Amino acid sequence: MSEKHPLTNMLANKMQRRTFLKWSGAIGLPVIAGGIGTKMLVERNKEAKAVSTKDNEKIISTCSVNNCGGRCVIKAHVKDGVVVRVSTDSQESGDLSTPPLRACVRGRNYRRMLYHPDRLKYPMKRVGKRGEGKFKRISWDEATRTIASEVKRIGDKYGPESRYDNYASGQCWGLHGGSASVRKLLSLTGGFLNYRNDYSSGAGNVATPFTYGTNNSGSSFDSLLHSKYIILWGQNPSEMIFSTPYREYLMQAKKNGARIIVIDPRYTDTAIVFADEWIPILPTTDNAMMDAMGYVIITENLQDQAFLDKYCLGFDGEHMPDGVAKVESLKSYLLGENDGTPKTPEWAEKICQIPANKIREIAREYAKTKPAALIQGWGPQRHAYGEQIMRGGAQLACLTGNVGKLGGWAAGTGYWNRSNIVFPFSYDNPVKASIPCFLWTKAVEMGTEMTAADGLEGTERLNTNIKLIFNMAGNMLINQHADINKTRKLLEDESKVEFIVVSDIFMTPSAKFADILLPGTTFFERYDIGIPWCFGDYVVFGEKTIEPLYECRDEYDVFAEVADKLGVKEKYTEGRTILDLVKESVERTRKELDATFPTFEDFRQKGVHHFKYDGPLVGFKEQIDDFENNRFETPSGKIELFSKTLWDMNQHDEIPAIAKYIPSWEGPEDPLKAQYPLQLISWHYKRRCHSTYDNQEWLEEAAKQEMWLNPKDADKRGIKNGDRVQVFNERGSLLIDVKVTPRITPGVAGIPQGAWYTPDTNGQDQRGSVNVLTSQRPTPLAKATPQLTNLVEVKKA
Ligand SMILES: Nc1nc2c(c(=O)[nH]1)N[C@H]1C(S)=C(S)[C@@H](COP(=O)(O)OP(=O)(O)OC[C@H]3O[C@@H](n4cnc5c(=O)[nH]c(N)nc54)[C@H](O)[C@@H]3O)O[C@H]1N2
Ligand SMILES: Nc1nc2c(c(=O)[nH]1)N[C@H]1C(S)=C(S)[C@@H](COP(=O)(O)OP(=O)(O)OC[C@H]3O[C@@H](n4cnc5c(=O)[nH]c(N)nc54)[C@H](O)[C@@H]3O)O[C@H]1N2
Ligand code: SF4
Ligand SMILES: [Mo]
C-alpha cells in the first residue's frame, strides 16, 4: 500500500495565498496573546460588516462542534445560498464579564474546508481489500439497507456486545452527531459494548477523584484575575484551546502583575507570550520535580499545616487511615524515611534535569506567593504513569493551601462547568458491559479474554470480541490510536471485525478502512447547539447556514433511515427533526434548569447565551468554607493525599497510594535508551484540530508538519535545519522535515500529533504521523493512553 497525501500536489505547485497569510502570519509569531491573530480577526470583521451591507449578504451566526477545546462564534456571510466569507465575534476585548468568542486561525479556513474539492460527496462501498481505499458510489438506499442488515446479522450471530461505536470527537459537545445517532439506533435493537473514559485526560480522569472525589477540581478562568502566581504545568493555551475566553483572562492576569511559570519540554507559544520563566523539563519526570518541591516546602516549613491538618488525609503520620503504618505518609516519603531517599532538589535534578536551585526557587515562590494557581495541562498525563502527575499537582496545591481559595487552584484534571442545557436526544443501552476506550483494539483481538484487570466493567467476561465498528466523525480507527501498524493489521483481517461503517467529510486514513463510507455534513449544513468543553459558561446557537452539499447527510437522518429499515424509526426520532431537538432542548432547559434561559427565537436571534453568575467559580470553596457540612466525595470525606483504596489494591510499585515519581518504561531511565536515545512526545498543534484539517493547504503553509529537535541532538547526527529525517523504533518508522531549535529540551523530539498516516510501499509513513511510533501499553490504573511516552532514534533520510 503506497499512498499520496492530499497535500502532495499543493506542496509541489505553490498554493494560492490570497490574504490568508497576512493574518495567519501571527500563527508563527505569537507576539500577541493567543498567538493566533485575534487582533487582525477583529479588524477584518469590521471590514467584513461594511462589505456585507453594501453587497446585501446575509450574515448567519453559527458554531463549529470540532473538538478543539474552544467554542466560538462563526459568522457565515451567505449570498445566494453560498458562503462567500467567514468572520467571527466582533466584540472588542475589555468586557471580561462576557469576553469575545473569537475564532482561531483554523476558523478562518472554514470556508475552504466547506467547499474543498476533496469533500466526500456520496455514500460509497468498499470494492478493494479493506484499507486499500478503493470504493464505489452507491445510493443512500443501498447504504442504509446494508448497514441495517449487517447490524442485525452481526447482532444475531454474536450478540450485542459484538457491536461497538468507537471513540470519535469530530462532532462533539453538540446535541446530536454521529455517535449519539448510532448509539440510539443500537440501543433500540439490542445494545452495544460501551466504552468509558477518553484519550484527552484519561489517566487524570481516573486518578484525580482518588484525591478529591471528583474531576471538577478547576475554577473558572476569571478567578485568575485574583492570582498572584500562576504555574502552567504542561499547559499551552496559546496553541491548544482549553476554552475560548481563557487567554483573555490569562492576559489580564499578567497585566495585573501575576508571575507566570511554564513547565514544558518545549518553549511553547504560551511560554513566549506569557511566561516569566520557562522550565524545560524532561518528559515523564514531572513527579520528580513535584516531589522535590514538596521536600523544599516541608523542610523549610512553608506548608499550610492548618489546611493539611483539617482537610487532608495522609500528609503525616498523625493523619493516616486506620491500619496503615505512619511511615507510609506523604511526609515520610518526601523525607525518605521509608525508602532511604530524601526527595531533595539534587535528587530530582539528576532525573528531570532542572537545576536544584531552580526547583528550590519555584517551590519557595509557589509556597509564599498567595494566592497561587497551579493549572495542569493534559499532555503530561498522556504518559505511561500519567496518573501520578495529576495527583502530584493536587498534592502541591494542598501543601500550599491553595485549594478552595479565590485566585488559588486545586490542580488535578481541572474541570468545571457552568453551561448546563438539556439533551433531548438520549438512549438507554441494554448492555452494561464497558471497556476503557483505549483498549478497543484489545477487545477486537481478544475481548473474550479481558477481565477486571483490563478495566472490564459491568460483566465478568464478554461473550464475544468486537465484530462491528461504527466510526462516526473520528480518525481513531487508524490515525489517532496508538501503534498504527498494529491496528492496521488487525483491521485488514476481515475475519476479525466483519463490518466497519465510517462517516466523515474527507477520505481520511480511517475512512479508507470503511466497508460503507458515509459523506457527513459540516456544521454549516445542519442545526445544533454548541456547548463549550467542561470550561464554559455560555452556549452558541448552531444555525444551518446552507443546504447540505452534494449528497451529504447528517448522521441523525441517515440512522433514522436505518432505523426505519429495522422497524424502530418512531422510537428513534420520536417524530422529531434535528431542528425540533434544538427547540426542545431550549424549551426544556427553560423549564427544567434555568427560567432565565432565552426563548428559542431569542437564542436563535442572538446566537450566544451567557449564563449569569455573581462571581468566579472557585473549585471546592464550599468544602473549605464550611467543612462540617460539605465533605469531599472521597471515602474518608477528606482530600486523600494517601488513598486507602489505592493502597488496598496492593500494586504499590505502579499504583502507589500517594502520588510519586515512578521511572517510566521508555523514559530517560529505561535501558532501551541505549538503542533509541530520544524521548518522543507529540502535542496538539495550532494548525489542526487533531487530524482534522491536515489536508488544508492554507493551514499547512501557515504552520507546517515538522519535527522539533534540539541543536545538540541534531549536531550529533549530522542533521541540519530543514533536513528530511527518518524517525523510528520497533513499532514503526516515519519521514518528516526537521526544525532544529533550542525551543525543545535536549534528548527530546517533538512531532505535532494528527498528521494523516501516508505509508509508502514499505509501510513507512511519509507525512510525520506520530502514531506509527506510539505504544498500546496502557497506563496501570486508568488503562489510558501513554501516547506521549516513546523512545526513538532519528537519522538523516
Ligand atoms: N500521538 C497522539 N495521539 C493522540 C493524541 C496525542 O496527544 N498524541 N491526542 C488524543 C486525543 S486527546 C484525542 S481527543 C484524539 C482525537 O482523535 P479523533 O477523535 O479521531 O479526532 P480527529 O482526528 O479530529 O478526527 C475527527 C474526524 O471527524 C471529521 N469531521 C469533522 N467535522 C465533521 C462533521 O461535522 N461530520 C463528520 N461526519 N465528520 C467530521 C474530521 O474530518 C476528522 O476526520 O486523538 C488522540 N490521539
Ligand atoms: N489547536 C488545538 N487545540 C486543541 C486540540 C487540537 O488538536 N488542536 N485538541 C483539544 C483536545 S481534544 C485536547 S484533549 C486538548 C489537549 O490539551 P493538552 O493535553 O493540555 O495539550 P497537549 O498539546 O497535548 O499538551 C500540552 C503540553 O504538554 C507538553 N508536554 C508533553 N509531555 C510533557 C511532560 O512530560 N511534562 C510536561 N510538563 N509537559 C509535557 C507538550 O509539549 C504541550 O505543550 O487540546 C484541545 N485543544
Ligand atoms: S477550531 Fe475551535 S476555536 Fe478555532 S475556529 Fe474552530 S471552533 Fe473556533
Ligand atoms: Mo482530546
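Remember, it's 1-based here, ligands and their atoms both numbered in the order they're listed. Computed from a predicted model, the values in this text were never measured in an experiment.
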Asks: Please determine whether any non-hydrogen atom of Gly754 lies less than 4.0 Å from an atom of ligand 1.
Replies: no

Asks: Any N or O of Ala473 that comes nearer than 3.5 Å to an N or O of ligand 1?
Replies: yes

Asks: Any nitrogen or oxygen of Ser691 lying under 3.5 Å from a nitrogen or oxygen in ligand 1? Just yes or no.
Replies: yes

Asks: Please state whether Ala168 comes within less than 4.0 angstrom of ligand 1, counting heavy atoms only.
Replies: yes

Asks: Looking at His176 versus Tyr527, is the centre-to-centre ring distance below 6.0 Å?
Replies: no

Asks: Tell me yes or no: between the side chains of Ser179 and Asp165, is some donor less than 3.5 Å from an acceptor?
Replies: yes

Asks: Side chain, backbone, both or neither: which part of Gln480 has a heavy atom under 4.0 Å from ligand 1?
Replies: both

Asks: Report yes or no: does Thr785 have a heavy atom closer than 4.0 Å to ligand 1?
Replies: no

Asks: Please confirm if an N, O or S atom belonging to Asn66, backbone or side chain, lies less than 2.8 Å from atom 6 (Fe) of ligand 3.
Replies: no

Asks: Heavy-atom contacts with Asn771 under 4.0 Å: which atoms of ligand 1 show up? List them by number with element.
Replies: 1 (N), 2 (C), 3 (N)

Asks: Atoms of ligand 1 less than 4.0 Å from Thr508 heavy atoms?
Replies: 44 (O)

Asks: Which option, Met507, Arg119, Gln787, His684, owns the non-hydrogen atom nearest atom 7 (O) of ligand 1?
Replies: His684

Asks: Under 3.5 Å, is there a donor on one side chain and an acceptor on the other for Asn417 and Ser419?
Replies: yes

Asks: When rounded to the nearest 0.5 angstrom, what is the spacing between CG in Leu517 and CZ in Phe135?
Replies: 5.0 Å

Asks: If you count the atoms of ligand 3 from 1 in the order shown, which ones are under 4.0 Å from a heavy atom of Ala103?
Replies: 5 (S)

Asks: Can you pull out the closest protein heavy atom to atom 6 (Fe) of ligand 3? Residue, atom name and distance to 0.1 Å, please.
Replies: Tyr110 OH, 2.2 Å

Asks: Return the closest protein heavy atom for atom 3 (S) of ligand 3 as residue, atom name and distance.
Replies: Ile241 CD1, 3.5 Å

Asks: Distance alone, cut at 3.5 Å: any donor-acceptor contact between the side chains of Asn205 and Tyr415?
Replies: yes

Asks: Does ligand 1 come near enough to Thr774 that some N or O of the ligand is less than 3.5 Å from an N or O of the residue?
Replies: no

Asks: Is any N or O atom of Thr522, backbone or side chain, closer than 3.5 Å to an N or O atom of ligand 1?
Replies: no

Asks: Would you give the length of the straight line joining atom OG1 of Thr244 to atom CZ of Phe535, rounded to the nearest 0.5 angstrom?
Replies: 12.0 Å

Asks: State the CD1-CD1 distance between Ile74 and Ile60, to the nearest 0.5 angstrom.
Replies: 13.5 Å

Asks: Less than 4.0 angstrom from a charged side-chain N to a carboxylate O is my criterion; do Glu3 and Arg488 meet it?
Replies: no

Asks: Any atoms of ligand 3 less than 4.0 Å from a non-hydrogen atom of Cys68? List them with their elements.
Replies: 1 (S), 2 (Fe), 3 (S), 7 (S)

Asks: At what distance is the nearest protein heavy atom to atom 1 (S) of ligand 3, and which residue and atom is it?
Replies: Arg106 NE, 3.4 Å

Asks: Taking both backbone and side-chain atoms of Asn67, is any N or O found less than 3.5 Å from an N or O belonging to ligand 1?
Replies: no

Asks: Identify, by atom number and element, the atoms of ligand 1 in contact range of Thr521, meaning under 4.0 Å from any of its heavy atoms.
Replies: 34 (C), 35 (O), 36 (N)

Asks: Please report the interatomic distance CZ(Arg266) to CD1(Ile681), rounded to the nearest 0.5 Å.
Replies: 6.0 Å

Asks: Would you call Arg102 and Glu248 a salt bridge, using N to O less than 4.0 angstrom?
Replies: yes

Asks: Working to the nearest 0.5 angstrom, can you tell me the gap between Tyr693 OH and Phe506 CZ?
Replies: 10.0 Å

Asks: At less than 4.0 angstrom from any non-hydrogen atom of Ser169, what atoms of ligand 1 do you find?
Replies: 16 (C), 18 (P), 19 (O), 21 (O)

Asks: Answer yes or no: is there an ion pair linking Arg526 with Glu555, defined by an N-O contact shorter than 4.0 Å?
Replies: no

Asks: Any salt bridge linking Lys125 with Asp515? Criterion: basic side-chain nitrogen under 4.0 Å from a carboxylate oxygen.
Replies: no

Asks: May I ask which of Glu525, Met476, Gln171 has a heavy atom nearer to atom 15 (C) of ligand 1 than the others do?
Replies: Met476

Asks: Kindly identify the option in Ser201, Ser682, Ser64, Pro752 whose heavy atom sits closest to atom 2 (C) of ligand 1.
Replies: Ser682

Asks: With heavy atoms under 4.0 Å as the rule, classify the contact between Val770 and ligand 1 as side chain, backbone, both or neither.
Replies: side chain

Asks: Considering the heavy atoms of Asn66, write down every atom of ligand 1 situated less than 4.0 Å from one of them.
Replies: 31 (C), 32 (N)

Asks: Salt bridge check: are Arg767 and Glu700 linked by an N-O gap of less than 4.0 Å?
Replies: yes

Asks: Please state which part of His481 comes within less than 4.0 Å of ligand 1, counting heavy atoms only: side chain, backbone, both or neither.
Replies: neither

Asks: Under a 4.0 Å threshold between the charged nitrogen and the carboxylate oxygen, would Lys544 count as salt-bridged to Glu525?
Replies: no

Asks: In ligand 3, which numbered atoms sit nearer than 4.0 Å to a non-hydrogen atom of Cys72?
Replies: 3 (S), 5 (S), 7 (S), 8 (Fe)

Asks: Quick check on atom 8 (Fe) of ligand 3: does Cys104 put an N/O/S atom closer than 2.8 Å to it?
Replies: no

Asks: Is it the case that the side chain of Thr758 and the backbone of Trp756 share a donor-acceptor pair, with hydrogens and angles ignored and the cut-off at 3.5 Å?
Replies: yes

Asks: Rounded to the nearest 0.5 Å, what separation is found between the CD atom of Gln480 and the OG atom of Ser691?
Replies: 4.5 Å

Asks: For atom 25 (O) of ligand 1, what is the nearest protein heavy atom, given as residue, atom name and distance?
Replies: Asn475 N, 3.4 Å

Asks: Examine ligand 1 and decide if any of its atoms is less than 4.0 Å from a heavy atom belonging to Glu555.
Replies: yes

Asks: Go through ligand 1 atom by atom and flag the ones less than 4.0 Å from a non-hydrogen atom of Gly474.
Replies: 20 (O), 25 (O), 26 (C), 27 (C), 28 (O)

Asks: Go through ligand 1 atom by atom and flag the ones less than 4.0 Å from a non-hydrogen atom of Ser200.
Replies: 12 (S), 14 (S)

Asks: Side chains of Gln705 and Arg688: any donor to acceptor distance under 3.5 Å?
Replies: yes

Asks: Show me which atoms of ligand 1 lie under 4.0 Å from any heavy atom of Cys689.
Replies: 24 (O)

Asks: With a cutoff of 4.0 Å, is Arg526 in contact with ligand 1, counting heavy atoms of the residue only?
Replies: yes

Asks: Counting N and O atoms only, with roles assigned by atom type, does the side chain of Ser510 sit under 3.5 Å from a partner on the main chain of Asn475, one being a donor and the other an acceptor?
Replies: yes

Asks: What atoms in ligand 3 come closer than 4.0 Å to a heavy atom of Ser64?
Replies: 7 (S)

Asks: Looking at ligand 1, does Tyr167 have a heavy atom less than 4.0 Å from it?
Replies: yes

